[in-house]
Amino acid sequence: MTATPSILLRDARLLGVDEPRDVLVVDGRIARIGARRMLVVPGVPELALDGRTLAPGLWDGHVHFTQWVVKRERVDLAPADSAAAAVAIMRAALPGSDARILVGYGFRDALWPDAPTLAALDEIAPDRPLMLISGDLHCGWLNSAAGRLYGLTLPEDGVLRETEWIGALGVHDRGAQPGLASYRAAAADAASRGVVGIVEFENQDNATIWPDRVAAGVDSLRVEGSVWPERLEEAIERGLRTGDPLDDAGLVSFGRLKIVVDGSLNTRTAFCWAPYPGLDPADPHSYGVQAVSPEQLVGLLRRAHENGIAPAVHAIGDQANAEVIDAFESLGIAGIVEHAQLVAAEDFERFGRLGLVASVQPEHAMDDRDVADRHWHGRTDRAFAFRSLHEAGATVHLGSDAPVAPLDPWLAISAAVSRSRDGRDPWHPEQTLPVDLAVSASTRGRYTIAEGEVADLVVLDADPLTAPATELREMPVAATMLGGRWTWNDLEGGL
């Protein structure tokens, strides 16, 4: 790997530090931090930051990167406020696309006044395959032509959910991979928002794919690549352990075992103690979907733990969260709970007592507040309960779940701090996080920088600790440094 040039960053304001500092970066690390104009390093280039804020680079703790990349190429269904509106959007897009299958993304049907039907899609495209992907990625609405293309038997509404849907989406994605230029552009865009690393939860062979991408020039980010249960034994056979480096550039490492135990709120498949409104409580499916049984979960966690692979378990409903916590407690191991959107009151303290990490996505609370008010009515005091998790002693990580929310940590930070968006009143403001905690939850706990650390840094044109909470969404990023090299630089002189 080529050595990075040294640089002296002059007149930087560090988070939580009153007086400006000079920061010397050598061989990709922070070599020295000194009082303003007190460092003298002959022959080393200097860059004046003129009082801008210098902070640790940001991480997105939950990303589906390929889904985020291809989102740009799909028909935008986010404006659809009904099934009829979604059909109209797809109808309008048909003449302008010559793709074998026309794919839309981003519908959210939990509040629609009407329901999806197979007939509605067949009417506008009897012979052209259509695939509409929900905004939460947990269900898909297909027409008969798409069903024939993928050998699927579709129900009357044309909607597949959870395991059956995820399998179908995986088949589609394997035949529709974007080019490397699209990955490079998406990674560069993330760097322009101050991102230095992502936790990759795409269901693919991340241990092979990501080193190949980095070697091909997708090198603007660090990547922790997860493994899903169907590839766990292969990873064990390869001797892979959480934290192992996977590429020569030092950007990719082996991550965690990702286990999905339930569904999602918008698809009404998050596994809950109470049934969803309007559904028969005698029907087990009215409580959501239990995708992995407690016995299966314990077996997977034990197998991974015995082989040095740490876990990250998707749990959204309160019953799913309780069963995941039970599994961790029974084995005496810690891990990450992804999402933790609805938690029983008695389970908060268990997060702290067991040393669990709550990896949450605050922007989901803004997307889903109205859905939660309807489908989790009477329980929203413990929904997206970030402060309760923190006060119980859980370590909180922030992320986006991109493409479910944009890959932009400032949106997550703003939502965590304000519980508000688009001028609406804050939703359950008692669950806000302090801004310093929200920032450190997006920087792997590195609230400020220190000598000896890897120089993964972001230069900001405003101080996030004093900026109004709503303005954090548009935080101006002047430059981003990854291991001592600029991956984004909007300062004078550029990269």
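For this chain, numbers begin at 1 and follow the sequence in order.
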* Asked: Got a donor-acceptor contact below 3.5 angstrom from the Glu453 side chain to the Ala450 backbone?
  -> yes
* For Pro429, what residues pass the side-chain contact (heavy atoms from CB on, under 4.5 Å) criterion, not counting sequence neighbours? -> Pro426
Return a table of donor-acceptor pairs under 3.5 angstrom between the side chains of residues 9-16 and protein atoms on other chains or two or more places apart.
from: Arg10; atom 1: NE; to: Glu46; atom 2: OE1; distance (Å): 3.1
from: Arg10; atom 1: NH1; to: Asp22; atom 2: OD2; distance (Å): 2.5
from: Arg10; atom 1: NH1; to: Leu39; atom 2: O; distance (Å): 2.9
from: Arg10; atom 1: NH2; to: Leu39; atom 2: O; distance (Å): 2.8
from: Arg10; atom 1: NH2; to: Glu46; atom 2: OE2; distance (Å): 3.0
from: Asp11; atom 1: OD2; to: Gly51; atom 2: N; distance (Å): 3.3
from: Arg13; atom 1: NH1; to: Asp18; atom 2: O; distance (Å): 2.5

* Structure fact -> Sorted by chain and number, sequence neighbours left out, side-chain contact (heavy atoms from CB on, under 4.5 Å) with Ala392 holds for Phe348
* Structure fact -> Taken in chain and number order and not counting sequence neighbours, the residues that satisfy ring-ring contact (aromatic ring centres under 6.0 Å, His included) with His390 are none
* Going by the side chain to side chain donor-acceptor pair (under 3.5 Å) test, which pairs reach into residues 408-421, not counting sequence neighbours? -> Arg193-Asp408, Glu363-Arg421, Asp367-Arg421
* Tell me, please, which residues at least two apart from Arg222 pass salt bridge (charged side-chain N to carboxylate O under 4.0 Å, His left out). => Asp456
* Counterpart residues, salt bridge (charged side-chain N to carboxylate O under 4.0 Å, His left out), relative to Glu349 (two or more places apart) -> Arg353
* Asked: Does a side-chain N-to-carboxylate-O contact under 4.0 Å join Arg108 and Asp368?
  -> yes
* Structure fact -> residues 190-214 vs ring-ring contact (aromatic ring centres under 6.0 Å, His included), sequence neighbours excluded, gives His62-Phe201, Phe65-Trp210
* Asked: What pairs with Ala190 under side-chain contact (heavy atoms from CB on, under 4.5 Å), at least two apart in sequence or on another chain?
  -> Val195, Leu221, Leu407
* To do: Name all residues meeting the side-chain contact (heavy atoms from CB on, under 4.5 Å) criterion together with Ala310; count only those two or more places apart in sequence or in a different chain, and write none if there are none.
  => Thr242, Arg256
* Structure fact -> Minimal heavy-atom distance between Pro178 and Thr66, with the atoms involved, is CD-CG2, 4.1 Å
Going by atom type alone, with no hydrogens or angles, which donor-acceptor pairs under 3.5 Å involve a side-chain atom of residues 68-81 and a protein atom two or more places apart or on another chain?
from: Arg74; atom 1: NH1; to: Gln67; atom 2: OE1; distance (Å): 3.0
from: Arg74; atom 1: NH2; to: Asp173; atom 2: OD1; distance (Å): 3.3
from: Asp76; atom 1: OD1; to: Ala78; atom 2: N; distance (Å): 3.0

* Any residue meeting ring-ring contact (aromatic ring centres under 6.0 Å, His included) with Phe107, in chain and number order, not counting sequence neighbours -> Trp112
* Asked: Among side-chain atoms of Asp463 and Thr53, is any donor-acceptor pair under 3.5 angstrom?
  -> no
* Asked: Between Arg350 and Asp347, does at least one N-O distance fall below 4.0 Å, as a salt bridge requires?
  -> yes
